[in-house]
Amino acid sequence: MKPLDILLKALRGCELTGSPEIDVTEILFDSRCVVAQPKGSSQLYVAQRGTQTDGHKYIAAAIAQGCRVVVCETLPETIHEDVCYIKVTDSSVALGQLADAFYDHPSRKLKLVGITGTNGKTTTVTLLHRLFMSAGHQTGLLSTIVNKIGNDEIPSTHTTPDAVELNRLLAQMVERHCEYCFMEVSSHALCQHRVSGLRFAGAIFSNITHDHLDFHKTFANYIAAKKSFFDKLPKTAFALTNVDDKNGRVMVQNTKAAIHTYSLRTAANFKGVIMENAFTGLHMRINNREVYFKLCGKFNAYNLLAIYGTAVLLGMDEYEALAQMSALESAAGRFQMLHVGNGGTAIVDYAHTPDALENVLKTIRDIVGKEAEVITVVGCGGDRDALKRPEMAEIACKYSSKVLLTSDNPRTEDPLAILDDMQKGVPSSKSKHVLVIENRHEAIKTACMMLQANGVLLVAGKGHENYQEINHVKHHFDDTEEIKNFFNIK
């Protein structure tokens, strides 16, 4: 519980109508959750303008249910004398600032590091969490796969939680004496101001390729969303950017933070060279120190450089960082390898963008050679950027011996319509090597039956997910489980 006049100090330029002499018990942005509170207190309802609906429509409902504090961008026509209205320029920004203040500014009490980019976010934050935990530091994690406080898991539903949940989790981390927290920062979260009010000790840029254009509409908007993260960093923070990506320097053009770079191709603060790449791992030279890692692939080499750079910038000894990193294993569903009985290898990966799929398949080809059998099972999600569908199929065909196009998370779209879009990217010369099997279970089963000795099977798109979303219902489905069941792997 917090006095409203204390919370108002977090907002600049707000206009007040009504008395602020009230205690706030909770911050809400869903009017259906409002419940009448004891006299002298109230929940605070923030009316946000979302992509699906406008919270201003539900101000009257919130008040009818007992709310006595309302944050809005436009005052309602009917003003109640016993309600305090707080008019702001942007309700979503205000929500983050109020949540930060309500939970006593938790991001200022630990070192919060965020990573943004199209690919590599989950692997990077997951391994940073493991690295700092193994080095003896109590650490928090906010990721697509799971949220963690120390080693305790809290289920994750979004890449970046809403502003209230985010601050609640950070406050719990502070209570549990976490020194650090590593979190994914999605472009959606940046546009929706979910990280408003947070203070970051550092930010990492991994890479950017075409994705989420269903939401951002243009690639320029997508870049701008990512860049806004770095634009708002304080002088006390660091900005670590991948300068091998053509937008790596663009991201930090206007940042106040201290800029640091990592690269495999050019001079950088954290420079890596791949000496050997195999399914057993990477042999790399990082800043003139040779290290063996359990992760493989060029894309993981970039992830490792980001992890190493972050660890050093946070004060970890360089030698200790590399020593601890050499023991790290991949995150669930990220180039997760299963060795099957006939000598073949099955790989489950979250690759759901053209760039990520190409990175994974290139890695496989680099290791096994051009002549080896590579079978790829891949689909595309519904209600998402449709422009990448034919490109995904084209890339799968380019690097694979055989391709099985199947359903991913169709959501509210017709799976066959999604597959029709994908088939437009299949070159005519490759069509006889492509099967279309809408049922994902059958597609994976068929691919497993096709896999020959010493071949490689890639099942891409869903990675760690243990469900398939169809018409707003999540049905249990796990790619790794499907492969293990077929080959009787315990």
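Just so it is clear, the model here is predicted, and its values are computed rather than measured.
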Measuring only between side-chain heavy atoms, which start at C-beta, is [X] closer than 4.5 Å to [Y]?
| X | Y | value |
| --- | --- | --- |
| Thr122 | Thr124 | no |
| Gln336 | Val459 | no |
| Ile274 | Leu282 | yes |
| Leu458 | Leu361 | yes |
| Val312 | His260 | no |
| Leu95 | Phe29 | yes |
| Lys256 | Leu233 | no |
| Thr446 | Ile437 | yes |

Quick check for you: to the nearest 0.5 Å, what is the distance between [X] atom [atom1] and [Y] atom [atom2]?
| X | Y | atom1 | atom2 | result |
| --- | --- | --- | --- | --- |
| Ile154 | Gln172 | CD1 | CD | 5.5 Å |
| Thr261 | Leu240 | OG1 | CG | 7.5 Å |
| His129 | Asn151 | NE2 | CG | 6.0 Å |
| Leu328 | Leu304 | CG | CG | 7.5 Å |
| Asn287 | Glu318 | CG | CD | 6.5 Å |
| Leu190 | Lys232 | CG | NZ | 7.5 Å |

Over all atoms of both residues, closest heavy-atom pair of [X] and [Y]:
| X | Y | value |
| --- | --- | --- |
| Gly96 | Ala163 | CA-CB, 3.8 Å |
| Asn147 | Ser143 | OD1-N, 3.3 Å |
| Ile149 | Leu169 | CD1-O, 4.3 Å |

Hey, is the main chain of [Y] close enough, under 3.5 Å, to the side chain of [X] for a donor-acceptor pair?
| X | Y | result |
| --- | --- | --- |
| Ser263 | Arg265 | yes |
| Asn300 | Asn303 | no |
| Thr123 | Gly120 | no |
| Thr363 | Gly297 | no |
| Arg365 | Gly369 | yes |
| Ser400 | Val403 | no |
| Lys109 | His177 | no |

Decide, yes or no, whether a salt bridge links [X] with [Y] under the criterion of side-chain N to carboxylate O below 4.0 Å.
| X | Y | answer |
| --- | --- | --- |
| Arg440 | Glu482 | no |
| Lys227 | Asp231 | yes |
| Asp366 | Lys298 | no |
| Lys402 | Glu373 | yes |
| Arg389 | Glu413 | yes |
| Lys388 | Glu391 | no |

Among side-chain atoms of [X] and [Y], is any donor-acceptor pair under 3.5 angstrom?
| X | Y | value |
| --- | --- | --- |
| Glu179 | Thr139 | no |
| Thr116 | Lys226 | yes |
| Asp355 | Asn119 | yes |
| Gln192 | Ser92 | no |
| Tyr302 | Asn207 | no |
| Asp245 | Asn242 | no |
| Asp383 | Thr412 | yes |
| Gln468 | His476 | no |
| Tyr222 | Thr118 | yes |

Determine whether more than 12 heavy atoms belonging to other residues, nucleotides or ligands lie under 6.0 Å from atom [atom1] of [X].
| X | atom1 | answer |
| --- | --- | --- |
| His475 | NE2 | yes |
| Arg199 | CZ | no |
| Lys398 | NZ | no |

Worksheet item: side chain to side chain contact (heavy atoms under 4.5 Å, CB included) between Val113 and Phe238: does it pass, once the steps are laid out?
Response: CA-CA 9 Å; Val113 177; Phe238 67 81; 4.2 Å; yes
Discussion item. Check the orientation of Phe279 and Phe335. Use parallel for under 30°, tilted for 30 to 60°, and perpendicular for over 60°.
Written reply: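 Rings of Phe279 and Phe335: tilted, 30 to 60°.
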Practice prompt. Assign the ring pair Phe132 / Phe182 to parallel, tilted or perpendicular, where the plane angle (0 to 90°) is split at 30° and 60°.
Written response: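 Tilted.
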Practice prompt. Take Thr406 and Glu438 through the side-chain hydrogen bond (donor to acceptor under 3.5 Å, both in side chains) test and state the conclusion after the steps.
Written response: CA-CA 5 Å; Thr406 190; Glu438 184 271 329; over 6 Å; no
Side-chain donor-acceptor distances from residues 428-435 under 3.5 Å, at least two apart:
{"from": "Lys430", "atom 1": "NZ", "to": "Cys397", "atom 2": "O", "distance (Å)": "3.2"}
{"from": "Ser431", "atom 1": "OG", "to": "Ser428", "atom 2": "O", "distance (Å)": "3.0"}

Worksheet item: side chain to side chain contact (heavy atoms under 4.5 Å, CB included) between Ile444 and Asp479: does it pass, once the steps are laid out?
Response: CA-CA 8 Å; Ile444 294 174; Asp479 288 351; 3.5 Å; yes
Practice prompt. Go through Thr266 and Asp244 one step at a time and tell me if the side chain to side chain contact (heavy atoms under 4.5 Å, CB included) criterion holds.
Written response: CA-CA 7 Å; Thr266 188; Asp244 288 350; 3.9 Å; yes
Worksheet item: Between Glu481 and Lys484, does a salt bridge (charged side-chain N to carboxylate O under 4.0 Å, His left out) hold up when you go through it step by step?
Response: CA-CA 5 Å; Glu481 191 177 286; Lys484 285 184 174 181; over 6 Å; no
Using the ring centroid of each side chain, check whether [X] and [Y] are separated by less than 6.0 Å.
| X | Y | value |
| --- | --- | --- |
| His283 | Tyr292 | yes |
| Phe205 | Phe229 | no |
| Tyr262 | Tyr308 | no |

Discussion item. Just to verify, what does Glu465 make a salt bridge (charged side-chain N to carboxylate O under 4.0 Å, His left out) with, not counting sequence neighbours?
Written reply: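 Listed in chain order: Lys462.
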Worksheet item: Hey, mind stepping through Gln138 and Met133 against side chain to side chain contact (heavy atoms under 4.5 Å, CB included) and telling me if it holds?
Response: CA-CA 6 Å; Gln138 182 75 339; Met133 288 290 290; 4.1 Å; yes
Worksheet item: Between Arg334 and Tyr350, is NZ or CZ placed under 6.0 angstrom from the six-membered ring centre and within 45° of the ring axis?
Response: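 Yes, Arg334 and Tyr350 form such a contact.
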